[in-house]
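By convention in this document, chain letters (A, B, ...) are assigned in the order of the sequence lines, proteins followed by strands, and residues within each chain are numbered from 1.
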Amino acid sequence: MQDRLAKILDGLNERQREAVTTINGPLLVVAGAGSGKTKVLTHRIAYMIESGITPWNILALTFTNKAAAEMQQRISSLLTEEEAYQVYSGTFHSVFGRILRKEANIIGYSSNYSIYDTDDQERVVKKIIKDLGFNTNKGSHKPFMHRISAAKNDLLTADDYKAEADTIVKKETAMVYEAYEKFLKENDAMDFDDLLINFIVMLQKDKSILEKYQNHFRFVLVDEYQDTNKAQYIAIRLLTKAHSNLCVVGDDAQSIYKWRGADIRNILDFQKDNPAAKIIRLEQNYRSTKNILGGANSLIAKNKEQIPKKLFTENPQGDKIDILKFENDNQEAFNIAATIKTKGGYKYTWKDFAVLYRTNAQSRSLESAFRKHSLPYQIIGGMSFYKRKEVKDVAAYLRLLVNQSDSIALMRVINEPPRGLGTISLTKIINYATRNGEPIVTAFRNAENVPGLQKRAVNAATKFVNMIDTFREKYYSGDKGLAIEQYIEATGLIEMYQSLGTEEAEDRLNNINELLSDIVTFLTNNPEYGLHEYLQTISLSSDFEETDMNKDCVKLMTIHAAKGLEFPYVFVAGMAEGLLPLERNGAVEDLEEERRLMYVAMTRAMEKLYLTYPAQRYSFGDIKSLFGSLFLSEIQTDFVRNNNEDFMIRHKPQPPKFPNNFSKRRPRPKPKERPFFDDIPQQEESYSQIPEDDRTPLKVGDRVHHSKFGEGKITGMSGAGNMQKATVNFDNFGKKSLMLQFAKLVRLG
DNA sequence: TAAAAAATCGTTTTT
DNA sequence: CGATTTTTTA
């Protein structure tokens, strides 16, 4: 036993040890980047258990499944697997979801409730705004979803929202919100936000429930506390009110989830909320070189709102940060790949390299560059396995098996494969269901009563529900795994992909099979669980692939996805104005948050950090010129190798401007770039200037070529700007009216 | 009803 | 430019 204690406390610095051994009362651990945060959390839990606290009295909340899994794994290496397993740990969403399934009746749900992901939510909101007669243009549902989610994160119910709505937009949102809540309830479904909110509702419903969970979770730990939102904050407060054994760990400098409702004040005000709180700062960084940490520190120092702290390291000075500019994003990607190729394979393996970017869209040029260099790479957090269409279709079929009220699941798969129920028949059935106030599944069952429904459609609908009913019975009465496999076979989904015969279809088939065998394994290993637990797990797990971080590939990911990770070599691509800090509609939403994001990116690097940017980039099909990011100019120059680039001049505090003062021209940036590596050939792609001829506007009488319609003569022009249209009389296709911005008309000499 | 073509969007970040 | 939705037509 003495050994175990030694194992837990050895190798901790003084501050870490203090944090680990303070187990009663409120505690805030401000853990700077690379300061051993996870170590403190896991050792603290181990220490608590070692001191005699029952593991299942400990609740540990994280934001990602990965963090939870890592924690459990590290605790088991300190103690035993069994003890680690008894600690109640997981993400907010999965822990609360699990409890809600047990207590569902308290809040008027069944324990079979479905979880609606963003995709499902989208379908619900679209249907509602259509029913309400609101504008159903392409992206019109998105602002509604956003406002509803923001309201939920703020714990405003539909009624609260309605009462406060003073503008047309808010009034409309209130209507959608109200209908949305009603729809979810009727479908026995909760969205992600509901998992948090309903947990709070449950705790507040009656005192005995609150006490039950307060006593169950006598010790609560929260990881990444800077990312908690209001609902999470309230839930934590309720749970810990009785015993006050709350330990939160976080770093205000790494708060990057404001857009999802995270409130940095939760961590900034921790002491105000808990006057008895002890605060421990972990300021020694064990990850990065002095140059990298120095650069990151100098950048984050520009933020006003933060807990004062001084991160230091005893690591070597290391190489300076390289800032590199390229002609365009393809060149940038090409050179990043080339550099990795020269560095990797000897001392470093591929997985020692990471390329980070602000938006997912930026991965495209990187991917193609990596393919050209035949470098192994892996995109982290992109399209996850569980988000693939075919996987979600199977999941929807399964949801239908356990939750008959789930009409979104039904509508998702009704024509997957096509069953001869077209838009017209479906509309008739839905209208009938709405008129009678019954679930769509019921309407399907009573298809023969639906007025005006073709016989063929009646049969199709009846056949569909019968199939589900048959296999539901099988599922509940016998071998669950077998029933599921036969059910999916019976849906015709597999047959549909088999008959397609394309490569894509084959991939999809493989995914379905992988999913099915995953389910069977899950059900075999966890006989006490059923499908809902499995479905909950997959809908709350963001990336299936995140488990194989060990694969020896270069990792490509967004900066958000990189939080908590570290790599010897880090490239941050797209360090340009407009991209980082990201501008939306010409403005930066929250500069300090963007700066924190940059800080997170920089502090992922252990030995070497490259910051790169393109001078040109495609956006919406147009070429746009870019300057280096403001943030590049904010990094103290001592830590940077090359610092005379255009961004320094551009972002220098501007002297008073003299209008039309041509003599004060801005100095031009150096025309020649320092080559990244001399022996690497530059990419051959060149962006040839558009021939002069093509810039003169097309006019009536010109002969043109169209990629599909061939040659023709312009007989008329109309509209202006983006709306400009040309009427062309094609030799083989006759007259067509084409929008110039889409139809690539080439003038023929 | 379903497939093919044209129009219309849009770009953060994710549990 | 590319993904997705709407319209057209076979």
Side-chain angles (χ1 to χ4, degrees), chain A residues 61-68 90-97 115-118 122 126 136-142 146 149 153 191-196 224 227-229 231-232 255-262 356-362 364-365 380-382 384 386-387 415 417-426 454 456-457 460 536-543 546 557-563 574 578-586 588-590 593-594 596-597 600-601 617-624 706 708-709 722-723 725 733 736-739 741-744:
Chain A
L61 294 168
T62 63
F63 274 85
T64 64
N65 296 297
K66 201 180 84 190
T91 65
F92 281 90
H93 296 266
S94 71
V95 167
F96 293 178
I115 294 176
Y116 277 8
D117 66 9
T118 320
E122 226 165 88
K126 270 186 190 166
T136 53
N137 278 353
K138 208 170 153 185
S140 60
H141 58 284
K142 286 206 168 131
H146 183 255
S149 179
N153 281 327
D191 64 20
F192 289 151
D193 300 322
D194 288 335
L195 294 174
L196 308 178
E224 308 278 16
D227 289 330
T228 49
N229 65 23
Q232 287 156 334
S255 163
I256 53 174
Y257 284 104
K258 187 181 185 180
W259 53 274
R260 211 172 74 189
L356 313 182
Y357 37 83
R358 177 65 229 265
T359 63
N360 278 314
Q362 290 167 260
R364 199 165 282 157
S365 50
I380 310 292
S384 94
Y386 298 121
K387 282 191 191 116
N415 274 317
R419 281 192 179 76
L421 282 166
T423 344
I424 297 168
S425 309
L426 282 176
Q454 300 280 325
R456 257 200 339 221
Q536 162 157 332
T537 314
I538 69 170
S539 55
L540 293 180
S541 85
S542 64
D543 27 11
E546 78 184 350
M557 68 192 96
T558 64
I559 301 172
H560 283 89
K563 199 168 79 158
L579 278 173
L580 184 61
L582 184 71
E583 278 172 24
R584 242 167 95 75
N585 308 324
V588 175
E589 217 157 83
D590 185 339
E593 171 127 333
E594 296 286 322
R596 290 192 293 266
L597 200 52
V600 169
R617 163 174 195 276
Y618 273 102
S619 98
F620 289 123
D622 295 324
I623 297 176
K624 273 188 91 174
H706 182 270
K708 292 217 172 63
F709 301 128
N722 283 346
M723 294 302 293
K725 287 182 191 172
F733 292 85
K736 302 264 176 200
S737 179
L738 304 161
M739 292 187 74
Q741 62 167 321
F742 300 113
K744 271 160 288 175

Gap between atoms CG and P, on A/Leu582 and B/dT13 respectively (whole Å):
9 Å

Look at the rings of A/Phe92 and A/Phe63 and say which category their plane angle falls in: under 30° parallel, 30 to 60° tilted, over 60° perpendicular.
tilted

Nucleotide of B/dT13, B/dA2, B/dT15 approaching A/Pro418 most closely (side-chain heavy atoms)
B/dA2

Out of B/dT1, B/dT14, B/dT15, minimum distance to the side chain of A/Ser425 belongs to B/dT1

On the nucleotide B/dC9, are OP1 or OP2 found under 4.0 Å from the side-chain N or O atoms that A/Lys142 carries?
no

OG1 of A/Thr537 to CD1 of A/Ile115, rounded to nearest 0.5 Å, is 8.5 Å

In whole angstroms, the gap separating C1' of B/dT13 from NZ of A/Lys563 amounts to 11 Å

Rounded to whole Å, the CG-C1' distance (A/Asp117 to B/dT14) equals 12 Å

From CA spacing to verdict: salt bridge (Lys or Arg N to Asp or Glu O under 4.0 Å), A/Lys563, A/Glu224
CA-CA 10 Å; A/Lys563 199 168 79 158; A/Glu224 308 278 16; 3.3 Å; yes

Look at A/Asn360 and B/dT13 and indicate whether a side-chain polar atom (N or O) is within less than 4.0 Å of OP1 or OP2.
yes

For Watson-Crick and G-U wobble pairs within 3.5 Å on both distances, what is DNA chain B written in dot-bracket notation, | included for inter-strand pairing?
||||||||||.....

In whole angstrom, what separates A/Ile559's CD1 from B/dT13's P?
11 Å

On DNA chain B, does the nearest nucleotide to A/Arg419 precede the nearest nucleotide to A/Ala361 from the 5' side, or the other way round? Give the residue.
A/Arg419

Nearest-Å distance for atom pair CG/P, residues A/Asp590 and B/dT13
17 Å

In Å and rounded to the nearest 0.5 Å, what is the NZ to CD distance from A/Lys258 to A/Glu594?
10.5 Å

Find the distance between CG (A/Leu540) and CG (A/Leu195) and round it off to the nearest 0.5 Å.
6.0 Å

A/Asp193 vs A/Ser149, side-chain hydrogen bond (donor to acceptor under 3.5 Å, both in side chains): CA-CA, chis, key distance, verdict
CA-CA 7 Å; A/Asp193 300 322; A/Ser149 179; 2.9 Å; yes

Between B/dT14, B/dT1, B/dT15, which nucleotide gets closest to the side-chain atoms of A/Phe192?
B/dT15

In whole Å, I'd like the distance from the CG atom of A/Leu597 to the C1' atom of B/dT14.
13 Å

Rounded to whole angstroms, how far apart are CD on A/Glu224 and C1' on B/dT13?
15 Å

Which nucleotide, B/dT13, C/dT5, C/dA3, lies nearest any side-chain atom of A/Lys126?
C/dT5

Parallel, tilted or perpendicular, as decided by the 30° and 60° cut-offs, for the rings of A/Trp259 and A/Tyr257:
tilted

Any side-chain N or O of A/Thr558 under 4.0 Å from OP1/OP2 of B/dT14?
yes

Taking the side chain of A/Thr64 as its heavy atoms from C-beta onward, which of B/dT14, B/dT15, C/dT5 lies nearest to it?
B/dT15

For A/Trp259 and B/dT13, are the ring centres under 5.5 Å apart with planes inclined under 30°?
yes

Measure CG/A/Asp194 against C1'/B/dT15 and give the value in whole Å, please.
13 Å

Counting only heavy atoms not in A/Glu122 (residues, nucleotides, ligands), do more than 12 fall under 6.0 Å from its CD?
yes

